[in-house]
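Just below is one structure, and these are the notes that go with it.
All values below were derived from every heavy atom in this structure, side-chain atoms included, with hydrogens, water molecules and symmetry-related copies excluded. Positions are given from 1 along the sequence.
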Amino acid sequence: MVEDSKSLTDRLWGAFSSMKLGLALLGIIAFVAGIGTLIPQTEQDPEKAKAVGQLWQTMGFTHLYNTFWFRLLLGFLCINLIVCSLQRLGGIYRRTFKLTPPSNLARVPQKTRKVVQGELVPLRESVQEVLKQKGYRLTLNDQGNSWSFIAVKRRLGNWGSFITHLSFVVLVIGALLGSILGFKGYFMAGAGNTLSIQAIQLSKGQVTDTFSVRINSAEDRMLPNGERDNWYTDMSILENGQEVARKTLSVNHPFAYKGVTFYQANFANGASFTADMNGQKTPVILQDQGQGYYQAPGTDLYLVTAIDPSSSSQKADVLFQIYKGSGADPIQSGKLSSGQTVDVQGKYKLTFNGLAGFTGLQVKKDPGVAVIWLGCGLLLGGLLLSFYWQPVVLSGILQSENEIKGTLTVGVLSGKATVSTREALEQFVSSVTKMLR
């Protein structure tokens, strides 16, 4: 059983360490994501998403990035990147911290090498001095009849590709965190209204927070020259009925609380009323142009209102209509100025208090944002190390021809940047030669 278990583990490790699997996963994800860009997504356009064929909806292509199978593909890609990176970790560590001088001439890089002859002691001293001046980290090995060294500069550049691969893992993890634990929604509420965060209209995710939001005021402020200043919303966060946070937000100035961020999305005019039914007074706030209604408790009377377009913006009047049941025509209508009261079918009295703004707020929680920023930083750092901090490794051995003369054979470990490494070798040999003169 143990052997079977080990063999299964080995097979899984071998499968996920395959570069072919990584490329296949990338290709599948890119192909599926391409389809997702062509098919309307529920989050962005729910109406068009509903019009998509039932087969595509059943397969999840109208909410692609929240489907289990797409997240599973991303998870497999993460595992593949992690396993591949772990396999390369030992080699990167040795190239960075465990380089050893060559033990014989055959261990000096043969592809790119130079030979320098001179007096034994000055040649050795010149090599050490030049390497020190050029910022190399030097490791020496003295074997009596031969002296060898290995010198490395910008050794942390070895980690560029590793960090770049790691950054993709972090980015995918951040995206999964936001997709699984986050949510996105919207609500519109009038000044004075209080609603639970769980009552907002969601476009994705699920709300687990339990606090409430109170809109203290909503304004559409204008500048003295008649141009719009901004939309402003004064809102409070309530925990167990107690105010725990308060802020005025506006466009491009959001408000964040416990990872939930509120963004000013839009604004609509509205009107504030007081409904008096048998001495029981109820505040009523209705949006302009009949966007919403008020049904008096225990009645089938429906109130809709609109701001009178002929009135001034300073002292606006409202037009009201009362509908009964499902009737298409109003049974009562009229106009009210601020402070005026009207009797509604003998059921209750309605007083117009004045204008009230309706604020539209986009609500978003994405616990993966910090992780994604970390991934972006790692990606940038990895790319900078890979392209602008490439390591240079010089390796050489100094052999004694006699007690006075010696021959230095030096080579450079060349990777992708063969031109720059060759230049580094030529500069080193040129500097040593000049010092010997």
List in chain and number order the residues that pass side chain to side chain donor-acceptor pair (under 3.5 Å) with Lys324, two or more places apart in sequence or in another chain; answer none if no residue qualifies.
Asp300
Taken in chain and number order and not counting sequence neighbours, the residues that satisfy side chain to side chain donor-acceptor pair (under 3.5 Å) with Arg95 are none
Could you pull out the closest heavy-atom pair between Pro102 and Ser148, with the gap in Å?
O-OG, 3.0 Å
Within 6.0 angstrom of Arg88 CZ, more than 12 heavy atoms from elsewhere
yes
Ignoring hydrogens and angles, tell me if any N or O in the side chain of Arg113 forms a donor-acceptor pair with the backbone of Ser395 under 3.5 Å.
no
State, with a plain yes or no, whether a side-chain heavy atom of Leu319 is found less than 4.5 Å away from one of Thr305.
no
To the nearest 0.5 angstrom, please state how far the CG atom of Leu171 sits from the CG atom of Leu74.
11.5 Å
Not counting sequence neighbours, list each pair that qualifies as a ring-ring contact (aromatic ring centres under 6.0 Å, His included) and has a residue in residues 69-96.
Phe16-Phe76, Phe61-Trp69, Tyr65-Phe70, Tyr93-Phe97
Minimum heavy-atom distance Thr421-Leu413, with the two atoms named
CG2-O, 4.2 Å
State whether the side chain of Gln57 and the backbone N or O of Lys50 hold a donor-acceptor pair below 3.5 Å, judged by distance alone.
yes
With side chains defined as the heavy atoms from C-beta onward, is the minimum distance between Tyr136 and Val152 less than 4.5 Å?
no
Those residues at least two apart in sequence (or on a different chain) that pass side chain to side chain donor-acceptor pair (under 3.5 Å) with Gln242 are none
With Val410, which of Val127, Thr112, Val432, Leu425 fulfils side-chain contact (heavy atoms from CB on, under 4.5 Å)?
Leu425
With a cut-off of 3.5 Å and sequence neighbours excluded, list every side-chain donor-acceptor pair involving residues 346-354.
residue	atom	partner	partner atom	Å
Thr351	OG1	Thr341	OG1	2.7
Asn353	ND2	Ser272	OG	3.4
Asn353	ND2	Phe273	O	3.4
Asn353	ND2	Thr274	OG1	3.0

Scan residues 20-39 for pairs that pass side-chain hydrogen bond (donor to acceptor under 3.5 Å, both in side chains), counting only residues two or more places apart or in two chains.
none
Do the side chains of Leu64 and Val32 get nearer than 4.5 Å, heavy atoms only?
yes
Are any non-hydrogen side-chain atoms of Trp13 and Val83 less than 4.5 angstrom apart?
yes
side-chain contact (heavy atoms from CB on, under 4.5 Å) between Ile28 and Leu73, worked out:
CA-CA 8 Å; Ile28 294 171; Leu73 285 174; 3.9 Å; yes
For Ala424 and Val392 the tightest heavy-atom approach is CB-CG1, 3.7 Å
List for me each residue that meets side chain to side chain contact (heavy atoms under 4.5 Å, CB included) alongside Gln128, sequence neighbours excluded, and say none if there are none.
Arg124, Leu138, Leu140, Trp147
Check whether Gln340 reaches the backbone of Ser337 with its side chain - one donor and one acceptor, N or O, closer than 3.5 Å.
yes
Side chain to side chain donor-acceptor pair (under 3.5 Å) evaluation trace for Gln321 with Gln332:
CA-CA 6 Å; Gln321 292 178 326; Gln332 183 180 350; over 6 Å; no
Verdict with reasoning, Val213 to Thr194, per side-chain contact (heavy atoms from CB on, under 4.5 Å)
CA-CA 6 Å; Val213 178; Thr194 300; over 6 Å; no
Closest non-hydrogen atom pair, Asn216 against Ala191
O-CB, 4.0 Å
Go through it in stages, so that I can follow the logic: the residues are Leu394 and Ile150, the test is side-chain contact (heavy atoms from CB on, under 4.5 Å), and I'd like the CA-CA distance, side-chain angles, deciding distance and then a yes or no.
CA-CA 6 Å; Leu394 295 176; Ile150 192 163; over 6 Å; no
Check whether any side-chain heavy atom of Tyr323 sits under 4.5 Å from a side-chain heavy atom of Ile331, and report yes or no.
no
From Leu195 atom CG to Ser212 atom OG, the distance as rounded to the nearest 0.5 Å:
7.5 Å
Can a donor-acceptor pair be found, under 3.5 Å and without considering hydrogens, that links the side chain of Asn193 to the backbone of Ile215?
no
Pair Val244-Leu238, side-chain contact (heavy atoms from CB on, under 4.5 Å): steps then yes or no:
CA-CA 6 Å; Val244 294; Leu238 307 179; over 6 Å; no
Using modelled atom types only, decide if a donor and an acceptor are shared between the side chain of Ser179 and the backbone of Leu176 within a distance under 3.5 Å.
no
Taking only residues at least two apart or on different chains, which pairs with a member in residues 170-196 satisfy salt bridge (Lys or Arg N to Asp or Glu O under 4.0 Å)?
none
Interatomic distance, Ile29 atom CD1 to Leu77 atom CG [nearest 0.5 angstrom]:
4.5 Å
Where the side chain of Asp209 meets the backbone of Phe211, is there a donor-acceptor pair that is under 3.5 Å apart?
no
Would you be so kind as to tabulate the donor-acceptor pairs closer than 3.5 Å made by side chains of residues 257-271, with sequence neighbours excluded?
residue	atom	partner	partner atom	Å
Tyr257	OH	Glu239	OE2	2.9
Lys258	NZ	Glu239	OE2	3.0
Gln264	OE1	Thr233	OG1	2.5
Gln264	NE2	Asn266	O	2.9
Gln264	NE2	Thr359	OG1	2.9
Asn266	OD1	Tyr186	OH	2.9
Asn266	OD1	Gly360	N	3.4
Asn266	ND2	Tyr186	OH	3.0

If you round to the nearest 0.5 Å, how far is CG of Leu21 from CE of Met19?
11.5 Å
If we count only N and O atoms by modelled type, under 3.5 Å, do the side chains of Glu423 and Gln427 hold a donor and an acceptor together?
no
When you compare the side chain of Met435 with that of Val130, does any pair of heavy atoms fall below 4.5 Å?
yes
All side chain to side chain donor-acceptor pair (under 3.5 Å) counterparts of Asp220, not counting sequence neighbours
Arg228, Trp231
Please say whether more than 12 non-hydrogen atoms of neighbouring residues, nucleotides or ligands are located less than 6.0 Å from CZ in Arg137.
no
For the student: nearest non-hydrogen atoms of Ile92 and Asn158, plus distance
CG2-O, 3.7 Å
N/O donor to acceptor pairs below 3.5 angstrom from side-chain atoms of residues 379-389, sequence neighbours left out:
residue	atom	partner	partner atom	Å
Ser386	OG	Ser161	N	3.3
Ser386	OG	Gly382	O	2.9

So His63 and Lys204, do their side chains get closer than 4.5 Å, heavy atoms only?
no
Once ring-ring contact (aromatic ring centres under 6.0 Å, His included) is applied, what residue pairs with a partner in residues 159-185 remain, sequence neighbours excluded?
Trp159-Phe162
So for atom CZ, which belongs to Arg107, do other residues, nucleotides or ligands contribute more than 12 heavy atoms lying within a distance under 6.0 Å?
no
Interatomic spacing from NZ in Lys365 to CG in Leu181 - rounded to 0.5 Å
8.0 Å
Gly368 to Leu177 - nearest heavy-atom pair and separation:
CA-CB, 4.0 Å
To the nearest 0.5 Å, what is the distance between OG1 on Thr100 and CZ on Arg94?
11.0 Å
